[in-house]
2 protein chains.
Amino acid sequence: MIDLTVIQVAIIEDERVVLDSLMAFMGKDPSINVVHTGYSIEDFLSSAKGKKTTPNVILLDVNLPGISGIDGIAPLKKQYPGVNIVILTTFEDSDHIFRALKAGACSYISKQTSLLLIGEAIKIVAKGGAYMSPAIARKIVGYFAPEKKKPKNLTERQNEIVALIVEGKSYKMVADSLCVSIDTVRSHIKNIYRQLEINSKAELIRKSYNGEL
Amino acid sequence: MIDLTVIQVAIIEDERVVLDSLMAFMGKDPSINVVHTGYSIEDFLSSAKGKKTTPNVILLDVNLPGISGIDGIAPLKKQYPGVNIVILTTFEDSDHIFRALKAGACSYISKQTSLLLIGEAIKIVAKGGAYMSPAIARKIVGYFAPEKKKPKNLTERQNEIVALIVEGKSYKMVADSLCVSIDTVRSHIKNIYRQLEINSKAELIRKSYNGEL
DNA sequence: ACGAATTTGACATGATGATGTGATTGACAA
DNA sequence: TTGTCAATCACATCATCATGTCAAATTCGT
């Protein structure tokens, strides 16, 4: 018989050092019981068959071999409907954060966070709450705020070009739309890429969709 | 001379008991300095003229006489651009929460929260972070998740490839990631484009970000 | 065991994209 | 008046993408 007052936790983490310290810490906490671990999503799911205990909380790394932690959220929730996913990672950019949340993660915690706080976060999500690291929570609230977009000093013209590119247009189409030479568009794109520190259309589109410009 | 290491806090709260206990607690914390208080938005703003100190953080009640705390956020931010607004309230319904966030609040805390945690929250927002009570954070993450999955007819492998492309990878990088030939990736992409009736990477990324697959 | 769907791969070609160097023009500020 | 900056355009070159045609190996359901 499983003690329902004890939180059943699973951990998916490929770094031994991190996994070991998490295990060691939780082993000392009587209210937490680590029932299952894995080095990757695939590893975890394949070995999940033989388990009879269902985790309440899954502590999930993002940078995993094979399927990424974020892409792994869906299969994990399929295997364990209603499980609480806690992302534990070093990636703190908006892109990763929002993709994780959209996939159904309920907490997103920086690996900088102390073990004590991670333990607290687990207890919080097990009770139906959610915990976010301060810097991450700030990015999330920033999503809602009317945001005075002061960010990327992009020129009016540059924003115009970005808008067309994001719509899926080619350089040629943008040039025609704006009635300028395709070389002009190229020139603008080069400057935009340099200013945004990116080097592909894909990244530009992603940034745009994440409101990062 | 104002000590910049000390957080300048203002409090707007109409309940004497609450205000007094907040003041008493913060008076004991050397890193917090309460510079201004008010019983209402109007009261606070009118008496703000005579003050020379600018608050870093404003602790704001929602249920105030006159202008509500939420409607007061805009004028407060106009008076003190860049100030961090911390909502402290008993209202925990989604409506109040999201209206406050949209108005520019960066933290939303239940009045059930201990004075200790409220103090922590103030320090967190002063450092550029954000803190949410667990139950409130859960409602916020819930805002992102309710994505109804209408999976397109794409194959597992195809979805894998789309995921990598959307991350900004080139065909070559995708091929390497999946340990297949670049021609195989090309082949998949061709099929994906035909099935989705698109013809550019940009459109693929757009559809992906719009949850259209 | 048969056929359909999936996955893999090769070869080819024209279009588009990424990046560099360099030049001209007009606007606005020091 | 002299800069700086935004916007315009011209080459140039190599990488990547979009598309086509064809085909072998694999998986899977009936």
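Here is how names work: the chains are called A, B, and so on, in the same order as the sequence lines, proteins then strands, and each is numbered from 1.
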**Q** State which of D:dT8, C:dA18, D:dT19 makes the closest approach to the side chain of A:Y193.
**A**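 Of the candidates, C:dA18 comes closest.
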
**Q** Looking at A:C106, is its backbone amide N or carbonyl O close enough to the side chain of B:R138 to form a donor-acceptor pair, meaning the two atoms are under 3.5 Å apart?
**A**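 No, B:R138 side chain to A:C106 backbone: no donor-acceptor pair under 3.5 Å.
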
**Q** For B:R206, is there an ion pair with B:E203 - N to carboxylate O distance below 4.0 angstrom?
**A**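 Answer for the salt bridge query: no.
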
**Q** Rounded off to whole Å, could you give me the CG-to-P distance for the B:N199 and C:dT16 pair?
**A**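 In whole Å, C:dT16 P lies 11 Å from B:N199 CG.
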
**Q** From the list D:dA7, D:dT16, C:dT6, which nucleotide is the closest neighbour of the side chain of B:S170?
**A**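 Nearest nucleotide to the side chain: D:dT16.
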
**Q** What pairs of donor and acceptor atoms, side-chain ones from residues 173-185 of chain B against any protein atom, are under 3.5 angstrom apart with sequence neighbours left out?
**A**
residue, atom, partner, partner atom, Å
B:D176, OD1, B:K172, NZ, 3.2
B:D176, OD2, B:K172, NZ, 2.9
B:S177, OG, B:K169, NZ, 3.3
B:S177, OG, B:M173, O, 3.0
B:S181, OG, B:D183, N, 2.9
B:D183, OD1, B:R186, NE, 3.3

**Q** Quick check: does any side chain N or O of A:K111 sit under 3.5 Å from a backbone N or O of A:D61, one acting as donor and the other as acceptor?
**A** no

**Q** Both A:K172 and A:R194 contact DNA chain C. Taking the nearest nucleotide for each, which residue is further toward the 5' end?
**A** A:K172

**Q** Please tell me if A:T155 has a side-chain N or O lying less than 4.0 Å from either OP1 or OP2 of D:dA7.
**A** yes

**Q** I need the CD1-P distance between A:I192 and D:dT8, as an integer number of Å.
**A**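 To the nearest whole Å, that distance equals 11 Å.
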
**Q** Identify, residue by residue, the members of residues 174-188 of chain B with a heavy atom below 4.0 Å from DNA chain D, and return them in order of residue number, or none.
**A** B:R186

**Q** How long is the line joining CD of A:Q158 and P of D:dA6, in whole Å?
**A** 7 Å

**Q** Just how far, in rounded Å, is C1' of C:dA18 from CG of A:L204?
**A**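 Going from A:L204 (CG) to C:dA18 (C1'), I get 13 Å.
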
**Q** Round to the nearest Å and state the distance from A:K169 atom NZ to C:dG17 atom C1'.
**A**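 In whole Å, C:dG17 C1' and A:K169 NZ are 18 Å from each other.
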
**Q** How close or far is atom P of C:dT6 from atom CD1 of B:I161, stated in whole angstroms?
**A**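 The distance from CD1 of B:I161 to P of C:dT6 comes to 13 Å, rounded to the nearest Å.
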
**Q** To the nearest 0.5 Å, what is the distance between CZ on B:R99 and CG on B:D93?
**A**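 Here the rounded value is 8.5 Å.
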
**Q** Using whole Å, report how far OH of A:Y171 lies from C1' of C:dT19.
**A**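 These atoms are roughly 10 Å apart.
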
**Q** Go through C:dT7, C:dA18, C:dT19 for me and flag the one nearest to the A:K190 side chain.
**A**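 So the side chain of A:K190 is nearest to C:dT19.
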
**Q** Please name all residues satisfying ring-ring contact (aromatic ring centres under 6.0 Å, His included) with B:F91, sequence neighbours left out, ordered by chain then number.
**A** B:H96

**Q** Quickly work out the B:I189 CD1 to C:dT7 C1' distance and round it to whole Å.
**A**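 Nearest whole value for this atom pair: 14 Å.
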
**Q** Are the side chain of A:S133 and the backbone N or O of A:I136 linked by a donor-acceptor pair below 3.5 Å?
**A** no

